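Heads up: numbering here begins at 1 and tracks the sequence. Source: prediction; values computed, not measured.
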Amino acid sequence: MAAAEMSQISVLLPFTGLFFFTPSFSSGSSGADPVSCETRGVDLKQDEVLVLCPPGCTDLRLSVFGTGVYAAVSSVCGAAVHRGVLTSSGGPVRVQRRAGRHNYVSSYANGVHSQALPRWTSSFSLSTENVEAPLELTSSTTSTDVPAALLPGKKAAKKSSVKKSTSGGNKDCQTDIAVVIDSSNNIGQRRFNLQKNFVAKLAIMLRVGPTGPHLGLIQASDSPRTEFLLTNYTQPKELMFAIKELAYLGGDTNTGKAILHTAETFFTQSGGARRGHPRVMLVLVDGWPSDDVEQAAILARETGINVFMVSVAKPTVEELGMVRDKNFLKKAVCKDDGFFTYSIPSWFSTPKHVRPLTQRLCSLDSLLCSKTCYNSVNIGFLIDGSSSVGWQNFQLVLDFLAGIAQSFDISDVGARIGAVQFTYDQRLEFGLMDHSSKEDTIGALRRISYMSGGTATGSAITYATQNLFRQKERGHNFLVVVTDGQSYDEVQSPAMAAQRQGVTIFSVGVAWAPKDDLLAMSSEPKNNHTFFTREFTGLTEFIQPLVRGICRDFTENN
């Protein structure tokens with residue numbers, strides 16, 4: 001074969017052990033590696049490479065997973081067409097290796113249907129940056145910004161403003177935001193597109209970024225659908241494209257279902273929720289919901305989610321008769337104080353509301369629902385280790401306390417738990433700051449060794465107050481006293497002193513514990529803070545009532 005002919009062929013797909021020959025492109029494609037339509041991201045060994053896709057890839061059924069950022073098992077050329085950086089004519093495209101992700105989102109674009117994928121170990125993104133101009137082939141659906149300096153009569157934008165929007169993000173607004181958009185028959189395709197533009201502008205104004213706000217999106221329809229999670233798109237360009245590619249669903253406006261789905265499934269660590277960051281749910285409603293929102297909103301509040309409701313195109317007087325619950329806005333939000341509700345008269349007027357809504361979402365001190373009893377309380381366990389308890393029953397006490405700890409979100413910025421064991425003497429088993437995870441805390445509880453001795457509960461309350469609760473945080477500090485007998489010292493004065501320092505006391509008595517002592521130790525109202533059982537095996541029945549009591553007191557005091 002002649003050398004000239006050899007220059008016109010390419011060896012492809014070495015990973016399969018087979019060799020395929022296709023014509024290469026000769027239009028100035030120096031530096032681009034020819035690939036086939038089936039070449040996947042995992043087959044490219046470089047972290048960044050310029051490849052040359054052949055024509056006709058849209059005629060094949062190619063596997064593509066994701067939107068904007070693609071799982072590495074995707075066809076590179078198929079993804080390039082889906083992304084809009086190539087057409088069916090093929091051409092060069094730059095491929096950049098990215099880290100693996102959770103929840104690659106499906107979508108349909110430019111004649112290519114990408115599939116969803118729960119997770120993959122590596123990803124890639126595509127661009128036409130640094131590709132020679134004659135070779136750049138973009139589809140009509142791609143919107144490529146023209147530099148302002150090249151437009152007649154336009155001044156170039158300041159570089160500093162570009163850096164702000166594309167760097168790490170707004171560090172003063174480190175919130176995790178779930179945007180629930182209306183995709184029902186109420187809104188229609190035209191207003192749905194206006195809604196997408198509004199969300200995109202909101203994301204730009206928020207300055208989403210790796211160290212700034214993170215944003216995910218859920219569509220409300222007959223059934224809610226999570227489109228992308230918090231960490232799927234932390235770069236502005238990727239996020240804008242993902243919002244642009246959202247497909248309209250239609251169906252009923254089941255806002256309540258969408259709120260419940262988001263509260264139950266969205267803010268998880270595996271889904272990208274960051275520990276200690278305020279959680280916000282921004283719900284957009286065109287008109288009114290088709291279902292009930294109240295119960296879903298209660299769950300959202302109890303789990304620390306700040307629900308904002310943005311009502312666009314409120315029902316007219318003639319339509320009010322069709323509204324299931326006229327007070328749905330007040331029932332859905334984090335707090336009915338006017339801060340968490342926002343009204344926009346029309347989708348056409350949304351641009352002027354972007355900035356004020358952004359300011360609310362970033363007002364961290366006003367996000368009242370971020371802190372709940374589950375992630376904010378300090379709980380001290382005061383454990384009777386006297387001889388009358390016995391080793392076997394002592395293990396049942398530890399099981400009981402571990403069950404209480406299991407209900408709370410223990411972390412370095414969440415709930416904290418400490419423990420003191422007492423007889424005549426006291427022993428600090430571990431302090432509030434010693435263990436910053438639920439696993440470590442429960443492990444430490446179960447490793448407590450039984451002391452054995454007398455019973456001096458009053459002195460133990462004083463010791464626990466001084467050694468566990470050094471900061472006076474009313475509504476945050478709780479002491480759970482577990483004892484099986486009468487104290488040799490007086491308990492009421494130490495308990496009253498602890499309560500004056502902001503410690504709420506729950507007393508749990510077993511077997512021979514006198515009711516008078518239990519009531520004397522407990523906070524007011526006494527009956528709500530006092531528990532008694534004849535048998536140590538009955539302690540497990542008190543786990544949930546005690547957890548609910550802690551949460552009730554926390555809420556009332558805050």
Side-chain angles (χ1 to χ4, degrees), residues 1 5-101 103-132 135-139 141-142 232 238 241-242 245:
M1 186 177 291
E5 292 172 300
M6 285 291 289
S7 67
Q8 296 298 311
I9 63 174
S10 304
V11 182
L12 303 177
L13 301 180
F15 61 96
T16 63
L18 301 175
F19 297 90
F20 297 87
F21 297 89
T22 58
S24 72
F25 293 79
S26 58
S27 56
S29 57
S30 60
D33 295 332
V35 295
S36 74
C37 296
E38 293 85 358
T39 299
R40 305 169 302 171
V42 292
D43 305 320
L44 304 175
K45 304 308 178 187
Q46 301 97 318
D47 289 340
E48 183 172 333
V49 61
L50 183 65
V51 301
L52 193 60
C53 290
C57 289
T58 52
D59 299 332
L60 303 175
R61 196 175 178 86
L62 301 172
S63 294
V64 177
F65 301 91
T67 302
V69 174
Y70 301 91
V73 287
S74 303
S75 158
V76 171
C77 298
V81 175
H82 178 270
R83 185 74 170 86
V85 295
L86 290 185
T87 66
S88 59
S89 301
V93 63
R94 188 165 295 281
V95 185
Q96 293 176 307
R97 184 178 295 175
R98 306 290 294 274
R101 295 192 171 201
N103 192 32
Y104 292 90
V105 182
S106 68
S107 63
Y108 181 83
N110 304 313
V112 177
H113 185 270
S114 74
Q115 303 173 62
L117 193 65
R119 63 180 61 84
W120 195 257
T121 54
S122 59
S123 316
F124 66 84
S125 61
L126 303 156
S127 72
T128 53
E129 293 178 10
N130 302 321
V131 175
E132 294 177 21
L135 292 176
E136 188 168 333
L137 299 172
T138 57
S139 74
T141 60
T142 303
N232 284 151
E238 297 172 1
F241 186 81
E245 292 299 305

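- Minimum heavy-atom separation, Thr67 to Ala242: CG2-CA, 4.5 Å.
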*Show your working on side-chain contact (heavy atoms from CB on, under 4.5 Å) between Val35 and Leu52 and close with a plain yes or no.*
CA-CA 6 Å; Val35 295; Leu52 193 60; 6.0 Å; no
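- Taking every heavy atom of both residues into account, His82 and Gly66 meet most closely at CE1-O, 3.9 Å.
- Proximity of a side-chain donor or acceptor of Ser63 to a complementary backbone N or O of Ser74 within less than 3.5 Å is not detected.
- Note that CG of Leu126 is 10.5 Å distant from CZ of Arg98, once rounded to the nearest 0.5 Å.
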*Steps toward salt bridge (Lys or Arg N to Asp or Glu O under 4.0 Å) verdict (Glu48, Arg94)*: CA-CA 7 Å; Glu48 183 172 333; Arg94 188 165 295 281; 3.5 Å; yes
*Go through the steps for Arg83 and Glu245 under the test salt bridge (Lys or Arg N to Asp or Glu O under 4.0 Å), then give the verdict.*
CA-CA 10 Å; Arg83 185 74 170 86; Glu245 292 299 305; over 6 Å; no
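- Taking each heavy atom of Asp43 and Arg40 in turn, the nearest pair found is OD2-N, 2.9 Å.
- Under the 3.5 Å distance criterion, the side-chain polar atoms of Thr121 are left unmatched by any main-chain donor or acceptor of Gly100.
- For the pair Trp120 and Val42, the minimum side-chain heavy-atom distance is below 4.5 Å.
- Arg97 places a side-chain N or O within 3.5 Å of a backbone atom of Lys45 that can act as its donor or acceptor partner.
- The minimum heavy-atom distance linking Pro54 with Cys77 is given by the pair CD-SG, 4.2 Å.
- Donor-acceptor pairing under 3.5 Å is lacking for the side chains of Tyr104 and Ser114.
- Expressed to the nearest 0.5 Å, how far CG of Asp33 lies from CG of Leu50 amounts to 7.5 Å.
- At a threshold of 4.5 Å between non-hydrogen side-chain atoms, the residues Ser75 and Glu38 do not count as touching.
- Cysteines Cys37 and Cys57 are disulfide-linked, with SG atoms closer than 2.5 angstrom.
- At distances below 3.5 Å, at least one donor-acceptor pair connects side-chain atoms of Thr87 with backbone N or O atoms of Ser89.
- Looking at Thr39 and Leu44, their side chains come closer than 4.5 Å, going by heavy atoms from C-beta outward.
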